[in-house]
Amino acid sequence: MSSMDLCIIGSGYVGLVSGACFAEVGHKVVCVDNDPKKVAALQSGRIPIYEPGLEDIVHRNVSAGRLRFTDKIEDGVDNSQVVFIAVPTPPQPDGSVDLSFIEKVAREIAGVLKEYRVVVDKSTVPVKTGEKVAETIKRYNRAGAEFDVVSNPEFLREGCAVADLMKPDRVVIGSASDRALALMKKVYEPFMAPILVTDINSAELIKHAANSFLALKISYINAVSAICDASGADIEKVADGIGADKRIGRSFLNAGLGYGGSCFPKDIAAFIAISDALGVPFTLLKEVQRINKDQKERFLKGLRDALWVLRDKKIAVWGLTFKPDTDDVRSSVAIEIVNDLVKEGAIVTAYDPKGMEKAVEWKMVEGARLVHSALEAVEGAEALVLATEWGEFANVDLQEVKKRMMTPMIFDGRNLFDPATMKDLGFAYKCIGRSTV
Ligand code: NAD
């Protein structure tokens with residue numbers, strides 16, 4: 001394989017991990033970010049996010065001279081054949097996508113573009129954004145340089161992003177140019193993954209449609225879990241029974257507190273806004289959102305029913321991140337639960353293996369006390385809420401937990417523990433869609 005020179009603009013969860021993985025397969029990568037603190041940290045060997053395996057891969061490739069960091073976009077664009085955009089696409093209050101980061105980067109690329117480059121949109125963007133990016137670069141590029149815009153949506157999952165990038169299920173490349181497509185195929189050749197080539201609009205749409213479908217699967221099983229709670233059926237057995245059908249599959253059929261994180265809530269809202277704007281409202285997705293919200297409310301109601309009054313109750317919460325194995329607390333249901341409990345006057349003590357630094361830095365859990373271990377969190381607690389299914393929690397000494405709690409009640413929002421074991425241990429145990437007696 002021939003090594004290529006690549007630039008990634010935006011060194012966050014997607015940009016940094018993509019850059020490191022591209023370097024790992026032999027490409028020469030420069031990661032650009034406009035946050036000088038982040039660039040300085042990366043240049044000094046400090047990794048600003050937690051992602052399993054990332055630190056090693058970054059250090060190895062920096063040492064090998066295949067990966068470097070800069071805050072100068074010109075450096076990145078001048079020295080690369082392919083320029084990836086991996087900047088945020090946050091939601092606006094009405095759910096539609098704020099594309100100002102993408103537009104700004106398009107202008108910045110145009111300002112330094114001197115010769116042919118492939119500009120690749122890796123951020124999650126609404127269908128037809130590629131056209132806008134191309135128009136913008138053309139409008140602002142005084143040098144009149146040639147370029148092509150390509151859509152290459154990213155499907156990595158935080159918590160296993162390195163593995164997902166090194167071994168993707170598929171790579172989607174939306175391109176209208178054979179020249180750009182040939183270069184993109186060279187970029188991905190070392191990954192030996194199936195490549196799906198489409199037009200740009202279809203590639204953009206695939207990402208929103210995929211995330212919406214996964215969220216729909218989660219809401220579906222959560223709606224079924226409510227029926228299990230009402231009928232005494234067991235959601236895990238039901239999910240096994242449904243998931244054994246190859247047409248359905250078992251993944252994303254775990255009932256819990258609902259989806260959260262930096263992608264699903266915003267991408268589902270975006271897809272609703274996109275379909276509305278196109279005049280073909282996707283109302284099914286509104287129901288997906290409603291079920292997701294209800295699931296958390298149903299869980300909180302269970303807590304209120306059991307504890308009667310939440311005011312002044314000492315409640316421990318395990319988990320702040322939106323899922324295990326990440327430090328990402330953006331739009332985390334666990335954080336919402338902490339804040340809801342604090343708002344109701346509970347005295348909340350929370351612990352998360354990796355998410356506390358960002359929760360503090362981004363001022364996301366004001367009013368709760370954060371402590372340094374799972375056991376410290378339950379000291380004197382009248383109830384324990386399990387909000388994120390970290391492996392560490394599955395391995396905690398539950399006898400010790402019981403000893404330290406004032407009243408041994410566990411509300412398991414992720415069905416991490418076995419109800420029969422919890423009963424044997426003497427806990428009052430509530431979970432989701434599973435019989436607890
Ligand atoms: P992030 O916030 O972690 O990282 C974005 C980075 O871009 C930040 O470091 C920021 O400083 C930088 N940035 C912003 N404007 C810039 C500019 N003008 N020039 C240079 N750098 C700039 O975001 P993320 O989670 O990596 O998401 C990026 C995109 O990828 C979003 O569209 C997201 O929806 C999509 N995506 C995210 C995931 C995920 O799991 N996080 C998965 C697939 C797709």
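Hydrogens, waters and symmetry mates are skipped; everything else that's a heavy atom, side chains included, is used. Both ligands and their constituent atoms are indexed starting at 1 by order of listing.
Of the options I227, N415, I432, a side-chain contact (heavy atoms from CB on, under 4.5 Å) to I235 is made by N415 and by none of the others.
Protein heavy atom in closest approach to atom 26 (O) of ligand 1: V14 N, 2.8 Å. From the protein, the heavy atom lying nearest to atom 20 (C) of ligand 1 is N34 N, 3.3 Å. The shortest contact between atom 32 (O) of ligand 1 and any protein heavy atom is with T89 OG1, 2.6 Å. Of all protein heavy atoms, the one closest to atom 5 (C) of ligand 1 is P88 CD, 3.6 Å. Nearest non-hydrogen protein atom to atom 29 (C) of ligand 1 is V87 O, 3.4 Å. Here the heavy atom of the protein found nearest to atom 4 (O) of ligand 1 is G12 CA, 3.2 Å. Given atom 7 (O) of ligand 1, the protein heavy atom at minimum distance is G10 CA, 3.4 Å. Taking atom 43 (C) of ligand 1 as the reference point, the nearest protein heavy-atom neighbour is E154 O, 3.2 Å.
E392 contributes no side-chain N or O that, together with a main-chain N or O of P353, makes up a donor-acceptor pair within less than 3.5 Å. No side-chain donor-acceptor contact under 3.5 Å links S225 to the backbone of G433. Between the side chain of E146 and the backbone N or O of Y116 there is no donor-acceptor pair closer than 3.5 Å. Between the side chain of D71 and the backbone N or O of P36, no donor-acceptor pair lies under 3.5 Å.
Contact check for S275 versus L278: no side-chain heavy atoms found under the 4.5 Å cut-off. Within the 4.5 Å cutoff, side-chain heavy atoms of V82 are placed close to those of V118. Contact check for C31 versus L67: side-chain heavy atoms found under the 4.5 Å cut-off.
Considering both main-chain and side-chain atoms, E158 comes within under 3.5 Å of ligand 1 through a nitrogen or oxygen pair. Backbone and side-chain nitrogen or oxygen atoms of D33 are examined, and one is located within less than 3.5 angstrom of a nitrogen or oxygen of ligand 1. At a 3.5 angstrom cut-off on N or O pairs, T124 counts as close to ligand 1.
Of the heavy atoms in D328, none comes closer than 4.0 Å to ligand 1. Under 4.0 Å from ligand 1, the heavy atoms of C263 that appear belong solely to its side chain. Proximity of K207 to ligand 1, defined as any heavy-atom pair under 4.0 Å, is confined to the side chain (atoms from C-beta onward).
Close approach to F101 involves these atoms of ligand 1, each under 4.0 Å from a residue heavy atom: 14 (C), 15 (N). The ligand atoms of ligand 1 that sit less than 4.0 angstrom from a heavy atom of A86 are 5 (C), 28 (C). Atom numbering of ligand 1 starts at 1 in the shown order; those under 4.0 Å from a heavy atom of K38 are 8 (C), 9 (O). Taking every heavy atom of K266 and a limit of under 4.0 angstrom, the matching atoms of ligand 1 come to 33 (C), 34 (O). Atoms of ligand 1 found under 4.0 Å from any heavy atom of V105, numbered from 1 in the order shown, are 17 (C), 18 (N). Atoms of ligand 1 lying under 4.0 Å from any heavy atom of S262, numbered from 1 in the order shown and given with element: 41 (N). Each of the following atoms of ligand 1 lies closer than 4.0 Å to a heavy atom of I9: 19 (N), 20 (C). In summary, the atoms of ligand 1 found under 4.0 Å from a heavy atom of Y13, numbered by their order in the structure, are 3 (O), 25 (O), 26 (O), 41 (N).
Using a 30° and 60° split on the angle between ring planes, F22 and F191 fall in the perpendicular class, above 60°. Between Y188 and F84, the ring planes lie perpendicular to each other; the angle is over 60°, past the 30° to 60° tilted range.
A salt bridge is defined here as a Lys NZ or Arg NE, NH1 or NH2 lying under 4.0 Å from an Asp or Glu carboxylate O, and E297 with R290 fails to meet this definition. With respect to the salt-bridge test (charged N to carboxylate O, under 4.0 angstrom), the residues E24 and R60 qualify.
Figure legend: K354 and Y50 shown as a cation-pi pair, the cationic atom lying under 6.0 angstrom from the six-membered ring centre and within 45 degrees of its axis.
Under a 4.0 angstrom heavy-atom cut-off, R330 registers as being in contact with ligand 1.
Listed by first then second residue, pairs satisfying salt bridge (Lys or Arg N to Asp or Glu O under 4.0 Å) with a partner in residues 31-43 number zero, not counting sequence neighbours.
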